[in-house]
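See below for the structure under consideration.
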Amino acid sequence: MIDLSVRLGRIVMTTSRGRARLRDLLVRTAMHTPPGRRYLTEMRYRPDTRVRSGVVVRLDGPGQPLVGRPLPQPRVLRAPHHRVTRLDDVLGQGWGLLGIGVPEAAWTTVGRSALPNATHVDVQLDDRSPRDVADRVGIADADGRLEILFAGLTEHFVLVRPDRLVAAVFTPDRAKGVEEELRRATVGAGDVIAAVPALDLGAEAQLDIQGVHP
């Protein structure tokens, strides 16, 4: 992973204008093809280091390649002042629940389940003026990388553990099922996951996203 991050860093942080133009052209071209888009948005260039058991919930549907992996850390615009910051700084300590372009009714539905107490984040991909709503933090894409990360996940929720592994990706109607699976996974485990401090994944995780978008 270290070698991969170094190689990605050389591509992303290149000072050569020629290499940067070639990188941008290749990424844009790949994003116009289904296989290329899947390769980049699902981060298939990375070694498979997913957590496949324990406090993770695997379902069918989009977004499942994210489950069990560290959440990348793109730059985002944070409401109310539209300050650019890392996604990790928005999530803070503990669990995080990100709603990707979900309506208010979806938050209400998920709120009826007994998911872990989490920082709630409204991800507004089509808006450069995010707004805080009630007890939720509003964020928007700052540089295109957030949109790549959550491409195809509109009206989905992403549940993130305190150690910044993605625990589940689900639609509102499956929140109760996720709750039940998490409960079964944590039987006998106490508050092990809840006690894990948030990791500073900034440098490496940010490279994961930067390596797939100009």
Side-chain angles (χ1 to χ4, degrees), residues 41-43 46 49-59 61-79 85-102 106-107 109-111 113-125 130 132 135-142 145-172 174-183 185-186 189 191-209:
T41 60
E42 296 176 8
M43 298 177 288
R46 298 178 56 189
T49 57
R50 283 177 291 180
V51 173
R52 300 183 181 277
S53 61
V55 190
V56 293
V57 179
R58 299 194 177 282
L59 306 168
Q64 299 312 302
L66 290 173
V67 177
R69 286 179 168 162
L71 181 70
Q73 298 301 324
R75 300 281 178 175
V76 301
L77 297 172
R78 179 174 183 169
T85 187
R86 288 190 308 166
L87 178 56
D88 190 60
D89 295 329
V90 176
L91 293 174
Q93 302 292 320
W95 290 79
L97 183 63
L98 298 97
I100 316 302
V102 299
W107 283 105
T109 298
V110 169
S113 63
L115 292 173
N117 186 31
T119 298
H120 289 180
V121 181
D122 264 321
V123 180
Q124 301 159 17
L125 294 182
D132 290 344
D135 59 346
R136 303 193 302 271
V137 179
I139 64 170
D141 195 356
R145 296 176 177 90
L146 188 71
E147 186 171 350
I148 286 179
L149 176 61
F150 293 135
L153 294 183
T154 299
E155 298 191 7
H156 284 68
F157 285 91
V158 177
L159 181 64
V160 184
R161 301 182 348 182
D163 59 0
R164 291 301 177 260
L165 288 183
V166 175
V169 178
F170 58 97
T171 50
R174 306 191 75 171
K176 290 294 291 185
V178 171
E179 169 203 332
E180 293 167 1
E181 290 293 330
L182 288 176
R183 185 180 296 112
T186 54
D191 295 325
V192 173
I193 294 299
V196 175
L199 300 178
D200 185 358
L201 299 176
E204 180 177 334
Q206 186 176 338
L207 283 174
D208 293 336
I209 290 297

Worksheet item: Hey, what do you get for CG (Leu159) to CG (Leu66), rounding to the nearest 0.5 Å?
Response: 12.5 Å
Worksheet, complete the sentence: CZ of Arg164 to CH2 of Trp95, rounded to nearest 0.5 Å, is 11.0 Å
Worksheet item: Mind checking whether Val121 and Leu91 have side chains closer than 4.5 Å, heavy atoms only?
Response: yes
Worksheet item: Where do Leu71 and Arg161 land on the side chain to side chain contact (heavy atoms under 4.5 Å, CB included) test, with the steps shown first?
Response: CA-CA 9 Å; Leu71 181 70; Arg161 301 182 348 182; over 6 Å; no
Worksheet entry | Contact check, side chains of Leu115 and Glu179, non-hydrogen atoms, under 4.5 Å | yes
Worksheet entry | Any donor-acceptor N/O pair, Gln73 side chain to Asp88 backbone, under 3.5 Å | yes
Worksheet, complete the sentence: Value for CZ (Arg145) from CG (Leu87), rounded to nearest 0.5 Å, stands at 13.5 Å
Worksheet item: Do Val67 and Val57 touch side chain to side chain, with heavy atoms closer than 4.5 Å?
Response: no
Item to complete: Check step by step if side chain to side chain contact (heavy atoms under 4.5 Å, CB included) holds for Leu59 and Val169.
Response: CA-CA 8 Å; Leu59 306 168; Val169 178; over 6 Å; no
Fill in: Within-4.5 Å side-chain heavy-atom neighbours: Leu182 and Pro116
yes
Fill in: Euclidean distance, Asp141 CG relative to Leu77 CG, rounded to 0.5 Å
7.5 Å
Worksheet, complete the sentence: Residues passing the ring-ring contact (aromatic ring centres under 6.0 Å, His included) test with Phe170, sequence neighbours excluded, are Phe157
Worksheet item: About how many Å separate CZ of Arg136 and OG1 of Thr119, when rounded to the nearest 0.5 Å?
Response: 13.0 Å
Practice prompt. Ignoring hydrogens and angles, tell me if any N or O in the side chain of Asp132 forms a donor-acceptor pair with the backbone of Gly138 under 3.5 Å.
Written response: yes
Worksheet item: Taking C-beta and beyond as the side chain, do Val123 and Leu153 meet within less than 4.5 Å on heavy atoms?
Response: no
Discussion item. Using every non-hydrogen atom in the two residues, find where Arg78 and Thr85 come nearest and quote the distance to one decimal.
Written reply: CB-CG2, 4.1 Å
Discussion item. Could you walk me through whether Glu180 and Arg183 satisfy the salt bridge (charged side-chain N to carboxylate O under 4.0 Å, His left out) test, starting with their C-alpha distance in whole Å, then the side-chain angles of each, then the deciding distance to 0.1 Å, before giving a yes or no?
Written reply: CA-CA 5 Å; Glu180 293 167 1; Arg183 185 180 296 112; 5.7 Å; no
Fill in: Spatial distance of atom CD (Gln124) from atom CD1 (Ile139) [nearest 0.5 Å]
8.5 Å
Worksheet item: Looking at side-chain heavy atoms only, is the closest gap between Phe150 and Leu98 below 4.5 Å?
Response: yes
